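Reading through the structure tokens given below for one structure.
All of these numbers come straight from a predicted model, not from anything done at the bench. Labels below follow one simple rule: chain letters A, B, ... track the order of the sequence lines, proteins then strands, and each chain is numbered from 1.
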Protein chains: 2
Amino acid sequence: MSQSLSRALQILIELGEGERSLDQVAASLEVHKTTAMRLLHTLEADRFVRRDDRQRYHLGSRLFALGGAALAQHAIRDVAQPHLARLAAETGGQAVHLAAYENGTAIYLAKVESTHAVRMYSRVGLPAALHATAVGKVLVADLPPGERDAVIAGIEFRPFTSRTIADAAGYREVLARTREQGWAEDAAEHEDFINCVGAPVRDEAGRVVAAVSVSVPDVILPREGVRALVPQLLAATEAISADWAGRSS
Amino acid sequence: MSQSLSRALQILIELGEGERSLDQVAASLEVHKTTAMRLLHTLEADRFVRRDDRQRYHLGSRLFALGGAALAQHAIRDVAQPHLARLAAETGGQAVHLAAYENGTAIYLAKVESTHAVRMYSRVGLPAALHATAVGKVLVADLPPGERDAVIAGIEFRPFTSRTIADAAGYREVLARTREQGWAEDAAEHEDFINCVGAPVRDEAGRVVAAVSVSVPDVILPREGVRALVPQLLAATEAISADWAGRSS
DNA sequence: TCCTTCGTTGCACATTATGCAACAGTGATT
DNA sequence: AATCACTGTTGCATAATGTGCAACGAAGGA
């Protein structure tokens, strides 16, 4: 592992939260300001960071150039987009997400924002806990057993709410049910007062390549009302799967 | 400057062009594969790269998380978006861009794609040469003289076409005309057969904070026809400037 | 089964990253 | 105008980390 590279990556992550001065960066990294400055100048040389008139550091344009390239590499996103929009409309303007598995976590690839005032917080690119979200359960449920075991072994069962699944045994039961019924739910397990249902997008060989979810705050629909959206969710994921299969061949 | 960080950043840039194996990355960096592997693993640990089942490396989800954050830091983009869309529609479906200055270059922040079959190539996040594009000229023209001199001194007058401005003296004349008329053009200087006009977006103190351009291939409109779009372009930039001023206060 | 290719690990040392001290620049205050 | 405080930058020496080598293990193909 490369220490100075790790430091530089921490700089980028921190700048994602807002601009910083050289001193702030150095303090945050717990290094001398000269060290921080050299890392920042290297990042600046390739447009990963930029400086403004007041010597404040910000994320640079290379990030959005590469961000666009990284998203473009998830081709399923383009295929799914119209279906996600339709699903959001059909479910009364709820938030709809597309997620994929990456390195022990679920990653939001696309999102249709809720039209309601009360919303859940999420952002494209941010991870979602495999054990606490509907998309996470869907992505893990259909993995080949050896792979699934390895993923479960790496999960830290962090309790987001009092309802979050607390251990591997409980999680395995939920995954078995997910496989059986073909969809999963998050019943206020990731966030109090928010319920989600999720279902898989499959490739032509039947492998799960992504997951779609509909998220609804309690004040808009109770849990049973969210479950009633499952048929529409399944229709959407089936349509995406068909389009994805058609595109891949 | 940090050598190992530079290497890692080159890896990210290269992965933006497509997936790579460890050996390919090592060859490209001209380092031993162990060195490349350690950098890749460090990048992987923070989700900057991901590996697929066949050990191929791809850009990771952190890039689109930070890409989104970097774009969100350019707040003018949100303000400009509806105006860009209207301008594109009013000009018969031409390509419309919003760009800002960063580190010696113009950077595309937003783009409305042309509805025509014949198009120019561009992408959000990619740089555009200050001397060869309408947005570049607009961004440099109104800089304070000392700052403008420093920027011009750093320009390498690369000839994109036979019509590209060849030296600082020629560029200064064009900048003076840009200031005088309040807009700039790129008459097949960046790309053969493509003409653009660009105009400034200003903040409430009158400083140029961004530039908007309309780009049209010759086969759709000759140069005079593109110039005829300037009134609409100016109306759009004035509307964006007004909204930006309203938002900043 | 054997061979080839590719990714990984451990070790020693070469090279680079680091921090210190001093300096330069800027803005605010007297 | 002069001084002070703060922040960014440069040069130098050395400490520490990055690097490449050799060996190994895993996977796929013949």
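- Under the side chain to side chain donor-acceptor pair (under 3.5 Å) criterion, no residue pair touches residues 63-80 of chain B, with sequence neighbours excluded.
- Within residues 18-36 of chain A, the residues having any heavy atom under 4.0 Å from DNA chain C are, by residue number, Val31(A), His32(A), Thr34(A), Thr35(A).
- For residues 5-54 of chain B, no pair satisfies ring pair (Phe, Tyr, Trp, His ring centres under 6.0 Å), with sequence neighbours left out.
- Direction change of the helix axis from one end of the helix from dT1(C)-dA30(D) to dT30(C)-dA1(D) to the other is 40°, with five pairs defining each end axis (rounded to 10°).
- Residue pairs that meet the ring pair (Phe, Tyr, Trp, His ring centres under 6.0 Å) test with at least one member in residues 123-142 of chain B, sequence neighbours left out, are His131(B)-Phe157(B), His131(B)-Phe160(B).
- For the contact set between residues 46-60 of chain A and DNA chain C, defined by any heavy atom under 4.0 Å, there are no members.
- Listed by residue number, there are no residues of residues 5-17 of chain B with a heavy-atom contact under 4.0 Å to DNA chain C.
- For the side chain to side chain donor-acceptor pair (under 3.5 Å) condition, the pairs that include at least one residue of residues 165-179 of chain A, sequence neighbours left out, are Asp149(A)-Arg172(A).
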Pairs under 3.5 angstrom, nitrogen or oxygen only, protein versus nucleotides 26-28 of chain C, please.
none

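- With sequence neighbours left out, His58(B) forms a ring pair (Phe, Tyr, Trp, His ring centres under 6.0 Å) with no residue at all.
- Take His83(B) and apply the ring pair (Phe, Tyr, Trp, His ring centres under 6.0 Å) test, not counting sequence neighbours, and it matches no residue.
- For His97(A), the ring pair (Phe, Tyr, Trp, His ring centres under 6.0 Å) criterion is met by Tyr108(A), not counting sequence neighbours.
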